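A short write-up of the structure that comes next.
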Amino acid sequence: MKFSDVIGNDEVKDRLRALIDNDRMPHATLLYGPPGTCKLKIALAAAQYIHCQNRVNGEPCGVCRSCLQHQSFNHPDTIFSYPVVKRKKSTKAASETISADYCDEWKHFIATNDTENYEAWQSEIKSDNSQLQMYVSESDAIIHTLNLSTYSSNYKVLIMWLPEKMGEECANKLLKIIEEPFSDTIFLLVSDNPKEILPTIFSRTQRIEVKRLSTADIAGYLVAKYNVDNDNALALAAYADGNLISAVEALSLDSESKDFFMRFVTLMRMAFQRDIVGLKRWSEEVADYKREKEKRFMQYCVRLLRENFIFNLGNPTLNYMTNEERNFSVKFAPFINERNVEQMVAEFNIAETDIQGNCNAKIVLFDLALKITKLIRK
């Protein structure tokens, strides 16, 4: 993994390059930021850069023995730690399960999953949505490995993905070695939720924030990786709000997006016509979605309302909509104005919160639809 293979956050990559080039890399670095910001890939690139035998212009050379080992995720001085779940039918107790038990799945995951999606990792190891964690045995395995001499490099690099998933006993056992590591050891911790990391671990790291990706960066990635046309790529990227996971999921759920679009159009047309019977039917149909899908639909509606409000400004560069959405907005946008847009958005947000709280979806959605009938004519 080269730094140039990772989209966005050039300042973070430049900072890591400088630290490594000057042999000033902290013994424990925490890369933290929202999901979908390619933090793990940055850590992988940094580890390869540390081990590369012939760095070229701020990048690993890609051809030395160390780089080739990194590219197959087999470098002997790179250690991975990540949350897991007890294997089914395993004779081990849950507390004895360690990352290495899922070594093959991990290599496949980081080789094929560009978005570093926690849910995708759950699926990879067939956890049945169980909460993953690092058990106390993980700390024992890490300490044992770090006690060994380096194999072919000056440094051992431990990449720990999602340290917030460490159990308290596991974290406490690692405190001393993180605070006073061996001179040949570098910790790279990669976190989606740093507030959930045990404070004593958090305080012993040097923190580097990895920020949300820009719309342009995500759109460029979608065009290059998935051959999406530029307009649709920009629309998906804007909807993702800096989260590559959301952008790729939206792309893979294209049929869902089209369904959401048609539901939105139906709601607005029936609301304008004050078709109460139709709105009742609409609310029952949308209520058949599962809760998470209902929440995604609310978020989609909020985005489309905002895009239509901006559409009225007459500046196409400010809009991020698919061609189908844009064609609808030509006639619909005038109905979304300064008199109703804030309240409409608020009603969808309230509905999402109620759905999250397990309120009756049919009642919530029908109530929302009735409110829209009043607001759309303002």
Side-chain angles (χ1 to χ4, degrees), residues 1-21 24-52 55 58-60 62 66-67 69-83 99-100 102-103 106-118 120-121 134 138 142 145-146 153-166 174 178 181 184-194 197 201-202 204-213 243-245:
M1 180 69 62
K2 295 184 177 181
F3 287 115
S4 57
D5 295 329
V6 186
I7 66 172
N9 279 291
D10 290 337
E11 291 182 2
V12 173
K13 292 182 282 187
D14 288 342
R15 181 175 174 184
L16 289 171
R17 280 192 192 98
L19 289 169
I20 296 167
D21 285 338
R24 295 176 61 87
M25 193 68 186
H27 67 267
T29 300
L30 174 65
L31 299 174
Y32 71 94
T37 49
C38 300
K39 301 180 295 297
L40 178 58
K41 288 191 177 299
I42 293 174
L44 291 170
Q48 183 170 335
Y49 194 56
I50 289 169
H51 289 147
C52 178
R55 300 169 192 163
E59 289 285 7
S66 288
C67 283
Q69 289 171 326
H70 268 281
Q71 288 163 22
S72 61
F73 311 109
N74 284 310
H75 194 281
D77 293 324
T78 302
I79 304 111
F80 292 105
S81 181
Y82 38 86
S99 298
Y102 289 91
C103 179
W106 175 253
K107 289 179 181 179
H108 181 264
F109 172 71
I110 55 178
T112 60
N113 191 289
D114 285 348
T115 62
E116 306 165 15
N117 188 344
Y118 174 73
W121 174 236
M134 298 174 202
E138 183 73 9
I142 289 172
T145 302
L146 296 182
S153 311
N154 292 328
Y155 292 101
K156 295 187 290 290
V157 179
L158 172 68
I159 298 177
M160 180 180 285
W161 185 54
L162 305 182
E164 57 267 33
K165 299 294 183 182
M166 277 193 288
L174 291 177
I178 290 178
D184 64 352
T185 300
I186 292 174
F187 286 84
L188 287 174
L189 281 60
V190 181
S191 173
D192 286 347
N193 297 293
I197 299 174
I201 294 284
F202 182 82
R204 285 163 170 76
T205 63
Q206 295 291 317
R207 276 83 69 186
I208 298 178
E209 182 179 7
V210 182
K211 297 181 179 178
R212 290 183 179 275
L213 300 173
N243 185 332
L244 187 61
I245 296 173

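In this chain, residues are counted from 1 in sequence order. What you see is a predicted model; the values in this text were computed from it and never measured.
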I186 side chain reached by L158 side chain, heavy atoms, under 4.5 Å: no
Polar side chain donor-acceptor pair, Y32 to D192, under 3.5 angstrom: no
4.5 Å side-chain heavy-atom contact, L188 and M160: no
Flag for S4-K2: side-chain donor and acceptor within less than 3.5 Å: no
I110 vs F80 side-chain heavy atoms within contact, under 4.5 Å: yes
Criterion side-chain hydrogen bond (donor to acceptor under 3.5 Å, both in side chains) on T115 and N117, from CA distance to verdict: CA-CA 5 Å; T115 62; N117 188 344; 4.6 Å; no
P60 and R55, any side-chain heavy atoms less than 4.5 Å apart: no
W161 and W121 aromatic ring geometry - parallel, tilted or perpendicular at 30°/60° bounds: perpendicular
Side chain E116, main chain P35, donor-acceptor under 3.5 Å: no
Student check: side-chain heavy atoms of T37 and N243 closer than 4.5 Å: no
Heavy-atom neighbours of K107 NZ exceed 12 at 6.0 Å: yes
Test salt bridge (Lys or Arg N to Asp or Glu O under 4.0 Å) applied to D184 and K156, step by step: CA-CA 6 Å; D184 64 352; K156 295 187 290 290; 3.0 Å; yes
Geometric cation-pi criterion, R207 with F202: 6.0 Å, 45°: yes
Heavy-atom check, side chain of I7 versus side chain of C38, under 4.5 Å: yes
CA sep, side-chain torsions, deciding dist, call: R17, E59, salt bridge (Lys or Arg N to Asp or Glu O under 4.0 Å): CA-CA 8 Å; R17 280 192 192 98; E59 289 285 7; 3.5 Å; yes
Side chain proximity check, F109 to Y82, heavy atoms < 4.5 angstrom: no
Atom CD of Q206: over 12 foreign heavy atoms under 6.0 Å: no
Shortest non-hydrogen contact between C67 and G62, atoms and distance: SG-N, 3.3 Å
Non-hydrogen atoms of L16 and A46 that approach each other most closely: CD1-CB, 4.3 Å
Atom CG of N154 with >12 non-hydrogen neighbours under 6.0 angstrom: no
Donor on one side chain, acceptor on other, N9 and K39, under 3.5 Å: no
Separation of M1 CE from I42 CD1 (nearest 0.5 Å): 10.5 Å
Straight-line distance of C103 SG to N74 CG, nearest 0.5 Å: 7.5 Å
Shortest non-hydrogen contact from A43 toward I159: O-CD1, 3.8 Å
Side chain to side chain, T185 and Y155, heavy atoms closer than 4.5 Å: no
From CA spacing to verdict: side-chain contact (heavy atoms from CB on, under 4.5 Å), H51, D77: CA-CA 8 Å; H51 289 147; D77 293 324; 3.9 Å; yes
Distance-only donor-acceptor check, side chains Q48 and S66, under 3.5 Å: no
Nearest heavy atoms of I178 and R204, plus distance in Å: CG2-CB, 4.0 Å
